[in-house]
Number of protein chains: 2
Amino acid sequence: MADTPSSHTRERIVGAASAIFADKGFDGARVDEIARRAGVNKAMLYYHVGDKQALYTAVLTHNLERVEEALAAASATEGPASARLQAVIGAIVGIVHSIPDHPRIMLREIASGGANLAPEVLRRMLGMIEVVGGLLAEGREAGEFRDTDPVLTHLSIVGAALFLTSINPLRERAAELGTALDLSAAETDIAGLLGDLALHGVSAEPRKGNEK
Amino acid sequence: MADTPSSHTRERIVGAASAIFADKGFDGARVDEIARRAGVNKAMLYYHVGDKQALYTAVLTHNLERVEEALAAASATEGPASARLQAVIGAIVGIVHSIPDHPRIMLREIASGGANLAPEVLRRMLGMIEVVGGLLAEGREAGEFRDTDPVLTHLSIVGAALFLTSINPLRERAAELGTALDLSAAETDIAGLLGDLALHGVSAEPRKGNEK
DNA sequence: CCCCCATTTAACCAAACGGTTAAACTAACT
DNA sequence: AGTTAGTTTAACCGTTTGGTTAAATGGGGG
């Protein structure tokens with residue numbers, strides 16, 4: 001990862017591709033538009049990264065690396081499983097807010113059954129599922145948590161986080177319709193509710209009242 | 001909705017379009033492929049329904065009507081709010097399983113910020129958000145539930161349901177990688193966990209142990 | 001038997017798309 | 001100045017795509 005002008009161009013390209021893929025999806029994204037957004041000639045995409053599929057894989061790999069880092073850091077904290085679960089949920093919500101492209105791309109991949117996922121990328125995703133799962137198992141052995149399915153529980157948390165984060169833009173469209181419903185939610189709101197909900201949902205013992 | 005041969009053809013077209021849109025998304029879907037799947041000439045799509053956008057709106061409208069029916073039926077049941085919440089969650093999971101195209105299309109719409117949603121369709125979606133919200137408010141007034149944000153709670157449940165249901169096909173791709181992780185989950189598993197999780201997450205009082 | 005109208009078909013089209021290429025530019029090194 | 005290797009550019013190309021159309025089909029009523 002030398003700081004050459006070439007690698008800088010590559011970063012700009014991958015960054016632009018990430019935004020366009022998040023906005024339009026793999027099939028909806030236009031290679032010309034990615035080039036325009038990156039401020040480079042279209043041929044540069046093929047020179048520095050590769051074809052559209054390679055571009056997509058580069059975006060996924062780049063974004064997933066960030067998620068992995070944040071997740072590893074959060075789950076490595078000390079303390080009871082309940083506190084660590086809160087930390088991990090906070091980290092998931094936080095990272096997903098700091099890379100808003102990522103959840104949108106992921107939602108589409110879930111929808112398509114991973115049609116555009118390179119095997120290496122898919123392997124990375126599966127690895128992360130075990131993080132919350134392991135945490136739940138620990139908490140259960142310590143008597144903190146009830147016996148819930150770890151994989152489904154993890155997926156519920158992640159699914160809700162992706163969903164809640166990505167639905168915000170719909171608020172603008174909803175506002176145009178003059179609806180009274182306010183869909184907006186700040187990062188802290190989402191992390192708070194999800195952590196709260198998950199903790200109560202999973203805990204063996206009742207927790208003290210509302211944290212809202 | 002007369003049972004004319006024309007309306008029958010229209011149904012086949014909308015059904016085929018639903019499957020293709022779910023599989024490939026709006027941009028990935030090919031009009032010729034929809035026609036082939038429906039077993040009709042491509043021009044028939046334009047004759048009976050309209051252009052690609054009209055086709056998409058027809059699919060959304062058709063699927064959303066089914067969801068609305070099931071949701072209305074489930075929330076109209078009698079009993080305490082907790083039981084009704086379980087019923088609604090069961091209905092959401094159930095309908096989403098019986099129309100598997102729907103959650104996949106919805107996930108993509110969330111990801112794109114509703115780029116392809118006709119205003120009328122968007123209005124329908126917003127209306128349904130209030131169902132769980134109203135239920136939570138009731139339960140809260142009756143002292144059954146804690147004070148959680150109704151909109152975010154609803155979206156969490158729906159998001160988790162869509163996500164859990166749609167992630168199943170990824171299991172096949174994951175299996176090709178030889179991973180030990182089993183992502184598959186039956187409808188009853190999902191409904192059970194989600195209902196259990198939500199109830200514990202929302203309840204004011206501790207519930208009796210595991211239901212798994 | 002013929003006409004009418006809804007339905008269906010095959011052929012067609014312009015635009016948009018992903019991808020390629022030969023030539024031009026740049027700067028470092030000899 | 002000349003050479004080389006990395007980078008950038010504009011123009012180009014074959015294919016695919018959503019959409020159209022004129023002609024054909026076919027059955028029910030006069």
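Keep in mind that what you see is a predicted model, and the values were worked out from it rather than measured. Per chain, numbering begins at 1; letters A, B, ... match sequence-line order.
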Nucleotide N/O to protein N/O under 3.5 Å, stretch nucleotides 10-15 of chain D:
| unit_1 | atom_1 | unit_2 | atom_2 | d |
| --- | --- | --- | --- | --- |
| D:dA10 | N7 | A:Asn41 | ND2 | 3.2 |

Taking NE2 from A:His8 and C1' from D:dG6, how many angstroms apart are they, rounded to a whole number?
-> 17 Å

Plane angle bin for A:Phe26 and A:Tyr56 - parallel if under 30°, tilted between 30 and 60°, otherwise perpendicular = perpendicular

Could you state the CE-P distance from B:Met44 to D:dT20, rounded to the nearest angstrom?
-> 13 Å

Residue from A:Leu136, A:Leu85, A:Leu135 passing side-chain contact (heavy atoms from CB on, under 4.5 Å) with A:Thr153 = A:Leu136

When you measure from the side chain of A:Thr57 to the backbone N and O of A:Ala54, does any donor-acceptor pair fall under 3.5 Å?
-> no

Would a 4.5 Å heavy-atom cut-off, applied to side chains only, mark A:His48 and A:Val14 as touching?
-> no

Within this structure, what is the CG-to-C1' distance between A:Leu55 and C:dG19, rounded to whole angstrom?
-> 13 Å

To the nearest Å, how far apart are A:Asp27 CG and D:dT16 P?
-> 15 Å

A:Val31 side chain: which of C:dG19, D:dT9, D:dG18 is closest?
-> C:dG19

The nucleotide from C:dT7, C:dC17, D:dG19 with an atom nearest the side chain of B:Lys52 is D:dG19

Hey, can you pull the donor-acceptor pairs under 3.5 Å for the side chains in residues 32-45 of chain A, sequence neighbours left out?
| unit_1 | atom_1 | unit_2 | atom_2 | d |
| --- | --- | --- | --- | --- |
| A:Glu33 | OE1 | A:Lys24 | NZ | 3.2 |
| A:Glu33 | OE2 | A:Lys24 | NZ | 3.3 |
| A:Asn41 | OD1 | A:Ala43 | N | 2.9 |

Which one, D:dG18, C:dA6, C:dG18, comes nearest to the side chain of B:Arg30?
-> D:dG18

Do you know the tightest heavy-atom contact between A:Ser166 and A:Pro103?
-> OG-CB, 3.5 Å

For atom CD1 of A:Ile34 and atom C1' of C:dC17, their distance in whole Å | 13 Å

Rounded to whole angstrom units, what separation is found between the CD atom of A:Glu33 and the C1' atom of C:dG18?
-> 14 Å

Separation of D:dG18 P from B:Phe21 CZ (nearest whole Å) | 9 Å

Which part of the nucleic acid, if any, lies within reach of B:Ala29 when heavy atoms closer than 4.0 Å are counted: base, sugar-phosphate only, or nothing?
-> sugar-phosphate

Where do B:His62 and B:Arg66 land on the side chain to side chain donor-acceptor pair (under 3.5 Å) test, with the steps shown first?
-> CA-CA 7 Å; B:His62 178 257; B:Arg66 306 250 167 140; 3.3 Å; yes

Please check the phosphate of C:dA6 (OP1 and OP2 only) for any side-chain N or O of B:His48 closer than 4.0 Å.
-> no

Considering only side-chain heavy atoms of A:Tyr47, which listed nucleotide, C:dT8, D:dG19, D:dT8, is closest?
-> D:dT8

Interatomic distance, A:Ile13 CD1 vs D:dT9 P [rounded to whole Å] | 11 Å

